[in-house]
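The structure appears right after this line, and notes come after that.
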Number of protein chains: 2
Amino acid sequence: MSQVTVKDVARLAKVSPRTVSNVVNDYTHVSADVRRRVLAAIDELGYRPNLVARNLRTGRTGLLALIVPEIDVPYFSELARAVIDVASAHGYRVMIDQTGHDHERERQLLTGSDRTMLFDGILFSPLVTQDEIDGIDAATVLPMILLGEHTFTGRFDHIAIDNERAAHEATTHLVATGRRRIAAVGVQPRETYRTPRQRTAGYLRALADAGLQPDDDLVVPAAQYHRRNGYDAARRLLTLDTPPDAIFCYSDLLAMGAMRAVQDAGRRIPDDVAIVGIDDIEEGRYAIPSLSTVALDKDVIATKALEQLVRRIEEPDRPATQIVVPHTLIERDSTRVADRTG
Amino acid sequence: MSQVTVKDVARLAKVSPRTVSNVVNDYTHVSADVRRRVLAAIDELGYRPNLVARNLRTGRTGLLALIVPEIDVPYFSELARAVIDVASAHGYRVMIDQTGHDHERERQLLTGSDRTMLFDGILFSPLVTQDEIDGIDAATVLPMILLGEHTFTGRFDHIAIDNERAAHEATTHLVATGRRRIAAVGVQPRETYRTPRQRTAGYLRALADAGLQPDDDLVVPAAQYHRRNGYDAARRLLTLDTPPDAIFCYSDLLAMGAMRAVQDAGRRIPDDVAIVGIDDIEEGRYAIPSLSTVALDKDVIATKALEQLVRRIEEPDRPATQIVVPHTLIERDSTRVADRTG
DNA sequence: TACATTCTTTGCCACGTTGCAAATCTGCTG
DNA sequence: CAGCAGATTTGCAACGTGGCAAAGAATGTA
């Protein structure tokens with residue numbers, strides 16, 4: 001574990017430390033003989049460049065931070081997988097931090113007791129409110145891309161789907177399969193979160209387009225987007241005097257919980273209650289019944305996010321851009337039109 | 001983004017750079033007045049210590065690497081969640097790398113083109129074979145803890161469950177619920193992987209203990225432990241002349257796929273086929289039917305792994321230890337004894 | 001007042017690397 | 001063979017920090 005340095009290599013290869021560095025960094029003008037000697041010495045000593053030292057010199061660390069609420073939420077782990085892979089292709093490695101729905105911690109990660117030059121950039125998938133994002137001084141923050149949330153204000157690069165339209169499509173799909181009493185699960189108590197608000201807006205617009213009356217009883221909040229919250233929400237919906245014949249969940253994970261609740265209550269999916277989610281996590285493809293959903297292409301999100309982040313790292317002052325990633329409604333068994341009596 | 005350094009703070013606070021460092025590091029003998037001035041200057045300039053520089057000086061980075069095959073496999077993402085949280089409590093942050101079932105990349109991550117002093121330690125959940133582990137020169141590697149795989153050879157710290165016993169319990173549980181034709185899914189083509197072999201051993205021993213004849217047709221390989229592999233394996237089992245009445249899957253994810261295949265084939269779980277997995281991922285708790293499994297406590301694994309790693313970082317030469325984490329059989333609906341005819 | 005003791009503050013240097021620019025060497029031209 | 005361009009190699013310094021030990025200030029003691 002004792003560190004082998006350029007000096008050691010230089011000594012063994014009988015060249016200057018600087019030359020070793022040249023070889024390591026593929027500097028053009030190095031004679032074949034010297035290169036061979038240096039490489040041999042590197043090999044013999046097991047020399048590895050000390051990235052910390054290199055980074056101190058160059059100002060780059062080759063590390064990115066990916067900040068998500070919880071890595072064990074499938075949407076985020078699937079996204080992380082894509083991000084790590086794409087980052088690797090760009091020569092970066094990825095540190096992952098979880099905010100765990102802790103507002104204070106999120107703000108801290110963001111504005112920076114931790115902004116310590118250890119990372120070249122940040123991919124941030126925040127829960128913080130728009131106000132808080134707006135409160136960040138862009139100049140004091142590392143190159144940062146916001147993922148999947150919030151409205152674009154021109155201060156930070158931003159990658160997201162069109163939440164309002166996605167929700168509209170999901171709801172309209174339920175309407176198209178003959179549903180009339182459509183619930184929405186996932187409104188957030190904190191009204192300043194953008195994503196749920198946009199999805200609710202899309203849901204309401206779809207109802208209006210279909211000439212359906214919105215019903216406050218059918219709009220159920222979910223403090224977090226976990227299976228448990230979907231479960232609880234669906235149970236509550238099923239106890240209504242006139243329960244819904246379809247549930248639009250703001251995430252697939254909510255939908256997984258809702259599906260379980262519906263079946264625990266002895267109702268059939270999709271016959272009695274149709275369910276649709278958003279995210280397209282693999283779990284939904286194997287669920288019984290398989291879950292209809294609005295698919296977000298995480299590979300595309302990761303790819304665009306990294307392109308954008310790398311560009312910003314190289315060119316910190318370029319104007320912020322917003323990228324809207326397309327989504328796709330995927331119809332599976334949980335909304336499949338079956339023999340319906342009623 | 002221009003870096004504010006101790007020098008800037010020192011200039012503003014009218015003290016030496018060294019004094020700023022003393023304040024930042026809570027050195028005991030600093031007068032209240034100076035401390036106040038320095039803190040004020042830090043605040044005014046927005047100074048944050050440059051971790052790269054600090055790390056170069058101290059030799060510590062505060063970063064750990066967690067290396068897993070795929071972060072979007074629920075077992076690993078749930079483990080990662082625990083690791084990140086526990087690491088954070090120890091003052092470390094966690095970089096995640098995926099080997100993606102790529103052997104070459106795994107070896108590389110391990111032995112080190114990447115062992116570049118950027119991390120203080122490694123948590124490694126490997127797929128590599130025992131031979132490869134044995135081939136690593138412990139002296140050249142960062143402090144490392146092996147997670148959940150392989151037999152203990154005294155060269156690396158190692159944390160795992162007793163795979164053989166876990167498999168034995170799972171199989172015995174199936175026997176106890178009246179199953180007689182019990183399949184096993186998850187044998188690995190590469191015979192040198194330890195975990196699947198240990199699980200197969202436990203499975204076979206349980207059959208023997210129950211006086212049941214092993215049947216090669218019932219032992220199905222799975223190249224990877226994904227839902228798809230479980231699905232394919234189960235489908236194959238169901239086409240046998242005498243299909244199994246129970247399937248023991250070597251991971252919950254395999255079991256999720258198997259459950260789907262069984263139901264796609266029109267068989268009932270657990271009535272026609274009982275299914276049990278290993279891991280206890282949350283997905284299984286919400287599955288329909290809920291999945292019986294052998295639970296591994298990921299919080300305990302993460303906690304012990306970090307304790308162990310931190311100890312090793314502080315004391316690199318201490319003898320390697322092996323920690324066996326307890327497991328628990330959890331009976332849920334997928335093996336629940338129901339009316340069985342036949 | 002002189003001296004010991006303790007508290008504060010500081011200067012110097014190194015961690016391992018690479019940018020810069022200068023030094024040295026090679027081969028070629030005339 | 002001088003002179004020159006280009007190739008190759010090198011020394012120096014610096015990135016920002018903290019360890020070390022010493023310098024300087026303050027306090028207590030005789």
Side-chain angles (χ1 to χ4, degrees), chain A residues 1-39 41-42 45-63 112 114-120 142, chain B residues 1-39 41-42 45-63 91 112-120 142:
Chain A
M1 263 320 353
S2 64
Q3 170 81 311
V4 179
T5 79
V6 273
K7 280 182 195 152
D8 303 316
V9 176
R11 195 164 20 240
L12 181 60
K14 300 198 202 309
V15 294
S16 78
R18 192 56 249 249
T19 300
V20 175
S21 172
N22 284 341
V23 171
V24 169
N25 293 297
D26 280 328
Y27 180 69
T28 18
H29 302 305
V30 178
S31 70
D33 176 51
V34 166
R35 164 164 287 123
R36 195 163 8 82
R37 278 195 349 252
V38 170
L39 290 177
I42 285 177
L45 297 176
Y47 166 76
R48 303 284 168 218
N50 181 323
L51 285 194
V52 175
R54 173 180 292 173
N55 298 339
L56 178 59
R57 195 69 185 81
T58 63
R60 296 275 173 95
T61 65
L63 277 178
D114 278 337
R115 159 175 60 86
T116 44
M117 307 294 119
L118 195 49
F119 306 104
D120 294 341
L142 289 177
Chain B
M1 259 330 341
S2 65
Q3 171 80 310
V4 178
T5 78
V6 274
K7 280 180 196 154
D8 303 316
V9 176
R11 195 163 21 240
L12 181 60
K14 299 197 201 309
V15 296
S16 78
R18 192 55 251 246
T19 301
V20 175
S21 171
N22 284 341
V23 171
V24 170
N25 294 296
D26 278 329
Y27 181 70
T28 19
H29 303 304
V30 178
S31 71
D33 176 50
V34 167
R35 164 164 289 122
R36 192 159 14 79
R37 271 187 4 243
V38 170
L39 290 178
I42 286 178
L45 297 177
Y47 166 76
R48 304 286 167 215
N50 180 323
L51 284 193
V52 175
R54 173 181 290 174
N55 298 338
L56 178 60
R57 194 68 185 84
T58 63
R60 296 274 173 93
T61 66
L63 277 179
S113 334
D114 278 337
R115 159 176 59 84
T116 43
M117 307 294 120
L118 196 49
F119 307 104
D120 295 341
L142 288 178

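Model, not experiment: these values are computed from the prediction. Letters go in sequence order (proteins before strands), and every chain restarts at 1.
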Please report, rounded to the nearest Å, how far the P atom of dT8(D) is from the CZ atom of R35(A).
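From R35(A) CZ to dT8(D) P: 10 Å.
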d(CD1, I42(B); C1', dT17(D)) in whole Å:
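So the CD1-C1' distance, I42(B) to dT17(D), works out to 13 Å.
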Is the side chain of T61(B) donor-acceptor paired with the backbone N or O of L118(B) at a distance under 3.5 Å, no angle test?
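It does hold such a pair.
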Would you indicate what S31(B) reaches in the nucleic acid, counting non-hydrogen atoms under 4.0 angstrom: base, sugar-phosphate, or nothing?
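The residue S31(B) makes sugar-phosphate contact but no base contact.
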V20(A) versus V15(A): any side-chain heavy-atom pair under 4.5 Å?
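The answer is yes; the side chains approach within 4.5 Å.
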How would you list, by chain and number, every residue that makes a salt bridge (charged side-chain N to carboxylate O under 4.0 Å, His left out) with R57(B), sequence neighbours excluded?
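Not a single residue meets the salt bridge (charged side-chain N to carboxylate O under 4.0 Å, His left out) criterion with R57(B).
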Tell me the closest heavy-atom pair linking G62(B) and D120(B), and the distance in Å.
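Residues G62(B) and D120(B), closest heavy atoms: N-OD2, 2.7 Å.
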When V9(B) is tested against each of V24(B), V23(B), V38(B) for side chain to side chain contact (heavy atoms under 4.5 Å, CB included), which residue passes?
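Between V9(B) and the candidates, side chain to side chain contact (heavy atoms under 4.5 Å, CB included) is satisfied uniquely by V38(B).
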Kindly compute the distance separating CG (N25(B)) from CZ (R54(B)), expressed to the nearest 0.5 Å.
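Reported to 0.5 Å precision, the distance equals 5.5 Å.
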So does S16(A) get a side-chain nitrogen or oxygen closer than 4.0 Å to the phosphate oxygens (OP1/OP2) of dT9(D)?
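Indeed not, no polar side-chain atom of S16(A) lies that close.
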With the sugar-phosphate defined as primed atoms, P, OP1 and OP2, and the base as all remaining atoms, what B/S/- string results for nucleotides 14-21 of chain C, 5' to 3', for protein heavy atoms under 4.0 Å?
BBBBBBB-
